[in-house]
2 protein chains.
Amino acid sequence: MQHKERRGGPPSIVEVARAAGVSTATAGRVLGGYGHAGAASRAKVEEAAQRLGYRPNGLARSLIHGSTQTVGVVVTDVGNSFFASAVRALTDVVRAAGYEILLANTDSDPAAEQRALQIMWEKRVDGLVLAPQGPGTAERLRPMAEAGLPTVLLDRPLAALPHVDQVTINNTACARSAVGHLTRLGHRRIAVVSEAARDLDRLRDARVKDGDDERPSAARLVGHLAALRRAGIEPDPELVVHSPYDRHAAERSVRRLLRRNPEVTALFCTDNVLSSGAVAALQDSGRSCPGDISLVGFDDQDWTTLVRPRLTVVRQPRRELGTAAGRRLLERMAERERHAGQESAQGAGSGAAAGERIVLRGRLITRESTGPAPGTARTPSA
Amino acid sequence: MQHKERRGGPPSIVEVARAAGVSTATAGRVLGGYGHAGAASRAKVEEAAQRLGYRPNGLARSLIHGSTQTVGVVVTDVGNSFFASAVRALTDVVRAAGYEILLANTDSDPAAEQRALQIMWEKRVDGLVLAPQGPGTAERLRPMAEAGLPTVLLDRPLAALPHVDQVTINNTACARSAVGHLTRLGHRRIAVVSEAARDLDRLRDARVKDGDDERPSAARLVGHLAALRRAGIEPDPELVVHSPYDRHAAERSVRRLLRRNPEVTALFCTDNVLSSGAVAALQDSGRSCPGDISLVGFDDQDWTTLVRPRLTVVRQPRRELGTAAGRRLLERMAERERHAGQESAQGAGSGAAAGERIVLRGRLITRESTGPAPGTARTPSA
DNA sequence: CGTCCGACTGAGAACCTTCTCAGTCGCGCC
DNA sequence: GGCGCGACTGAGAAGGTTCTCAGTCGGACG
């Protein structure tokens, strides 16, 4: 009498129980590690499980427990080293607490974000880390947040969701400090390469503070403008060059900039891929750096110390970003666990409790790609 | 009479059905999109679902269908740009077919790999992509492969699992071509930086072909040795320097090498982080490149054209690796789907059918960091 | 010797959805 | 008008686990 396995699938606990000659309840107790089980049953069940190659079915378990031990992570692109680092750090933190990662990329496409959120919701993740993507994220996320799903926002704040934890970087201040460094060196014609250049008019007079509802690139552009203003420089739209998020496009944009505005003596790049394009364009331009032109990049990648001159950059704590998000999420999930059942249905996690806003600090690392503006002997302002 | 929601959790289909005044069967038909449902019921159910914010529970659905629409991805480190790119490409491919990604990192720790595999198994992923990690992977993976779980190996082949699809890069040939390039330039004292240097004795006489059971770093070292032999150069253990997988460690190793063996005129690095360490060490050494010493790196990262001289590198098709793995996995899963039920329990997917071995080709990109060996006027050999 | 207690076990509900099977109802056709 | 058929609906099992509740059994104590 061979144990007839009903389907091709892996053996279930009832097959193990039958093989061991006990009830499924007892088999469950042994294999699930709950309740008591006698030594004799235990041995029989363990032997049978071993023999049949039994693995518990996490789906069934999750269905009952209402917990999948999985967190959803939705980012723009794991292929980007910024998110790759953050996700890696995040994974380590939550994994130590027994959670796995369900990963989705959106490529900044709101529709893709919507799909990703739906799926995370259907798969019943226990928590969610999201790098918001463009217009409408708050509305897309609200139902989930209000249903009490522990959620942490990453990299980009969302003022419209005050109850949701948010972990970001002080982008505006970073940019201000980077550009401030340039103005102090006497530069007046300072260009910026930014994905957000198109929004210049809107951002121009905005008093965007760190932690407000802006994409990092926009926040950095705001910081750039603020630094110029502080130095008494009127921002020139000509020097705010747009580039899509692509190295070669950035290279072309910078090349065009240098051709049209040869008087520029300094350049600020608002992120890593734009920085690398700018370096390429600069090398190609025949200008000496920092002799003719100074350059500040964003994100302290390994290669920034390998090029000559070594790049002055804003270092962002990418790993810490992931770590902080993971920790915050674990706390929220633990809270929810604690309050489970004792709270009534409504708003278990969306109560009046304000979400925490963690703003990590990037910092300027001065290296060799920035120097005094050409022909400046006058004392730097401020 | 407010619908009493039993638990804090999201509404289930029975709540929707009750609210709509129909049976769960009908509600299921409407919301699940199977079977027929009358227009009147349909409207009532949809309204109720909308009002209650119903989302189907993927766990229950998966439990019934026996499919989670999820694939497990186990790599060394998503933070590493190589895997970041591959995983990104992989995600795109499988996502287009409706699969999500469950991600785990192992850091080359066999125990972590074991844990990851267990969890993937318990969570009942529909397929698995694994970058094998060190000793014992075949044994860890075998039970799952034999249970018919579609599996694709990534980046590192495993001869012990002939039935499993494997997608790799022709590392040995790549290394041979890189080092052959150096010997043709007249170099005789060629050093190599490798994670696998410790295994030199074992690899020395090995006739490892691409697609054999070796870590990429070992395969590349074998290619290095083969190229030397072909040029009639006896490999010198002094010039095979070990470095852990860390940029700064690599930098130290190379610095020490140059100090002890100043006669070295060429250096081959077996992967991206080692390459970046070597560049740093070289810049620091005061030697001119390629005048005094030539350098070949591995993996064509963006920065390799930003440093001076531009690096000669072996380009690996990282994204294609992920794409190919994803496609292969999709095919396997489709096959399994097709055969489901008609095949008997045993070995549904582990039959005699040999796994496919896809070997993608990297290629040498000659740039400026390699030149003729100093003082060679004689004609290059071969 | 009877009773009670503890250790252990088994039956069965619950989790949420899918899907089979049987049943109801209206309508068209003979 | 009766019958058959099709469209639709509902009851209930299944999927694999957890967990409650009730029950059995041996032993200890009065």
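Residue numbering restarts at 1 for every chain, and letters A, B, ... go by the order of the sequence lines.
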| task | Rounded to the nearest angstrom, tell me the gap between atom CD in Glu122(A) and atom P in dT17(C). | result | 10 Å

| message | Is it the case that the side chains of Thr106(A) and Gln133(A) hold a donor-acceptor pair, with the cut-off being a distance below 3.5 Å and no angle test? | response | yes

| said: In whole Å, I'd like the distance from the CD atom of Gln69(A) to the C1' atom of dT18(D). | reply: 15 Å

| query | Does a sphere of radius 6.0 Å around CZ in Arg142(A) hold more than 12 heavy atoms from other residues, nucleotides or ligands, not counting ones at 6.0 Å or beyond? | reply | yes

| message | For Arg140(A), is the CZ atom crowded, meaning more than 12 foreign heavy atoms sit under 6.0 Å from it? | response | yes

| said: Tell me the interatomic distance from Lys44(B), atom NZ, to dC8(D), atom C1', rounded to whole angstroms. | reply: 12 Å

| Starting at the 5' end of DNA chain D, which residue's closest nucleotide do you reach first, Ser23(B) or Arg124(B)? | Ser23(B)

| query | Is there side-chain contact between Met120(A) and Leu102(A), with at least one heavy-atom pair below 4.5 Å? | reply | yes

| query | Which residue, Ala40(B) or Arg61(B), contacts DNA chain D at a nucleotide closer to its 5' end, judged by nearest heavy atom? | reply | Ala40(B)

| message | Set out, in order, the CA-CA distance, both residues' side-chain angles and the distance that settles side-chain contact (heavy atoms from CB on, under 4.5 Å) for Leu31(A) and Val45(A), then state yes or no. | response | CA-CA 8 Å; Leu31(A) 298 168; Val45(A) 170; 3.8 Å; yes

| message | Give me each pair satisfying salt bridge (Lys or Arg N to Asp or Glu O under 4.0 Å) with a member in residues 127-137 of chain B, each pair once, sequence neighbours excluded. | response | none

Name the pairs: protein N/O against N/O of nucleotides 19-28 of chain D, kept only if under 3.5 Å.
residue, atom, partner, partner atom, Å
dC19(D), OP1, His65(A), NE2, 3.1

| 5'-most by nearest nucleotide on DNA chain C - Ser41(A) or Leu63(B) | Ser41(A)

| task | Round to the nearest Å and state the distance from Tyr54(A) atom OH to dG16(D) atom C1'. | result | 7 Å

| field | Separation of atom CZ in Arg18(B) from atom C1' in dG10(D), rounded to whole Å | value | 15 Å

| said: Just by distance, no angles: are the side chains of Thr137(B) and Glu139(B) close enough, under 3.5 Å, to form a donor-acceptor pair? | reply: no

| remark: Taken to the nearest whole Å, CD1/Ile13(A) to C1'/dG10(C) is 14 Å

| field | Atom-to-atom span, NZ of Lys123(A) to P of dC16(C) - whole angstrom | value | 18 Å

| query | What's the shortest heavy-atom distance between Val78(B) and Phe83(B), and which atoms? | reply | CA-CB, 4.4 Å

| Rounded to 10 degrees, the angle between the two terminal axes of the helix from dC1(C)-dG30(D) to dC30(C)-dG1(D), each from five pairs | 60°

| task | Given side-chain contact (heavy atoms from CB on, under 4.5 Å), test Asp77(B) with Val75(B) step by step and report yes or no. | result | CA-CA 6 Å; Asp77(B) 175 15; Val75(B) 296; 6.0 Å; no

| query | To the nearest angstrom, how far is Leu59(B) atom CG from dA14(D) atom P? | reply | 21 Å

